[in-house]
Amino acid sequence: MSGERFAERVHALVARIPSGNVATYGDLAAYAGRPRAARQAGYAMHRCPPGLPWHRVINAQGRLSVAAGSTAWLTQRRRLEEEGVVFMGGRIELARYRWAGPNED
DNA sequence: ACTGTGACACAGG
DNA sequence: CCCTGTGCCACAG
């Protein structure tokens with residue numbers, strides 16, 4: 001566990017986010033034991049291995065952190081909406097969909 | 001070992 | 001609402 005790479009812990013956490021829920025980069029960093037490494041969680045997601053529900057990771061403002069209009073952006077938004085997540089003014093209501101963490105799932 | 005980087009976060013203005 | 005500056009820190013080269 002301790003020798004595990006931070007990015008691997010983040011990826012393992014992403015795999016556990018339930019459908020219909022989302023987690024911010026800061027949340028993932030905190031759940032991974034590094035509360036101030038949100039930026040690094042973003043780095044880890046940029047290099048996200050295939051097969052993970054990466055679309056459930058957004059920023060603290062309830063917005064998607066990929067380039068707006070890009071195919072990735074379209075895919076992320078479509079997948080979230082398919083899971084029941086509602087966008088209002090390009091944002092989602094975090095308080096409503098935020099994943100409570102690995103100890104609550 | 002050191003440096004630049006970045007799918008972040010938050011406080012200001 | 002937008003934009004800017006600052007703190008942050010694991011990771012790649």
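Naming: A, B, ... by sequence-line order, numbering from 1 per chain. Every heavy atom of this structure was used, including side-chain atoms; hydrogens, water molecules and symmetry mates were not.
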Got a sec? Which of [range] come in under 4.0 Å of DNA chain B, heavy atoms?
{"range": "residues 73-95 of chain A", "result": "none"}
{"range": "residues 13-23 of chain A", "result": "none"}
{"range": "residues 64-72 of chain A", "result": "A:Ser65, A:Val66"}

Taking all heavy atoms of [X] and all of [Y], pick out the closest pair and write down the distance.
{"X": "A:His11", "Y": "A:Ala44", "answer": "NE2-O, 2.9 Å"}
{"X": "A:Ala23", "Y": "A:Leu28", "answer": "CB-CD2, 4.0 Å"}
{"X": "A:Pro53", "Y": "A:Ala15", "answer": "CD-CA, 4.0 Å"}
{"X": "A:Ala29", "Y": "A:Ala38", "answer": "CB-N, 3.7 Å"}

Any side-chain heavy-atom pair from A:Thr24 and A:Leu94 closer than 4.5 angstrom?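 Yes, side chains in contact.
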
Please examine the side chains of A:Val86 and A:Leu80, heavy atoms only from C-beta on, and report whether any two atoms are closer than 4.5 Å.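 Answer no - side chains too far apart.
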
Cluster question for you: counting only ILVMFWY and a side-chain heavy-atom cut-off of under 4.5 Å, with indirect links fine, are [X] and [Y] together?
{"X": "A:Phe6", "Y": "A:Val14", "value": "yes"}
{"X": "A:Met45", "Y": "A:Leu74", "value": "no"}
{"X": "A:Ile58", "Y": "A:Leu13", "value": "no"}

Pairs under 3.5 angstrom only: tabulate donor-acceptor contacts from the side chains of residues 60-67 of chain A to other protein residues two or more places apart or in another chain.
residue	atom	partner	partner atom	Å
A:Ser65	OG	A:Asn59	ND2	3.1

Check: A:Val57 main-chain N/O paired with A:Gln76 side-chain donor or acceptor under 3.5 Å: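 Here the side-chain-to-backbone pair exists.
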
For A:Arg56, enumerate each residue passing the salt bridge (Lys or Arg N to Asp or Glu O under 4.0 Å) test, keeping only those at least two apart in sequence or located in another chain.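 Applying salt bridge (Lys or Arg N to Asp or Glu O under 4.0 Å) to A:Arg56 gives A:Glu83.
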
Using a 4.0 Å heavy-atom cut-off to protein, can you give one letter per nucleotide of nucleotides 2-13 of chain C, 5' to 3': B if the base is in contact, S if only the sugar-phosphate is, - if neither? -----BBBBSS-

Can you tell me which residue pairs pass the salt bridge (Lys or Arg N to Asp or Glu O under 4.0 Å) test with a partner in residues 16-38 of chain A, sequence neighbours excluded?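 Counting only pairs at least two positions apart or across chains, the salt bridge (Lys or Arg N to Asp or Glu O under 4.0 Å) contacts touching residues 16-38 of chain A are A:Arg16-A:Asp105, A:Asp27-A:Arg98.
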
For residues 64-78 of chain A, pull every pair meeting salt bridge (Lys or Arg N to Asp or Glu O under 4.0 Å), keeping only residues two or more places apart or in separate chains.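 Found A:Arg77-A:Glu81, A:Arg78-A:Glu82.
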
Apply ring-ring contact (aromatic ring centres under 6.0 Å, His included) to A:Tyr31 and list each qualifying residue two or more places apart in sequence or on a separate chain.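 Applying ring-ring contact (aromatic ring centres under 6.0 Å, His included) to A:Tyr31 gives A:Trp99.
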
Starting from Watson-Crick (N1-N3 plus N6-O4 or O6-N4) and G-U wobble pairs under 3.5 Å, report the runs of at least three that DNA chain C belongs to.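 DNA chain C stems, ordered by first number: B:2-6 with C:9-13, B:8-13 with C:2-7.
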
Can you list every pair that meets ring pair (Phe, Tyr, Trp, His ring centres under 6.0 Å) and has a residue in residues 37-72 of chain A, with sequence neighbours left out?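 Pairs touching residues 37-72 of chain A that pass the test: none.
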
Span of DNA chain B, from the first to the last nucleotide whose atoms fall under 4.0 Å of chain A heavy atoms: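 Listing 5' to 3', DNA chain B meets chain A from B:dG6 to B:dC10.
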
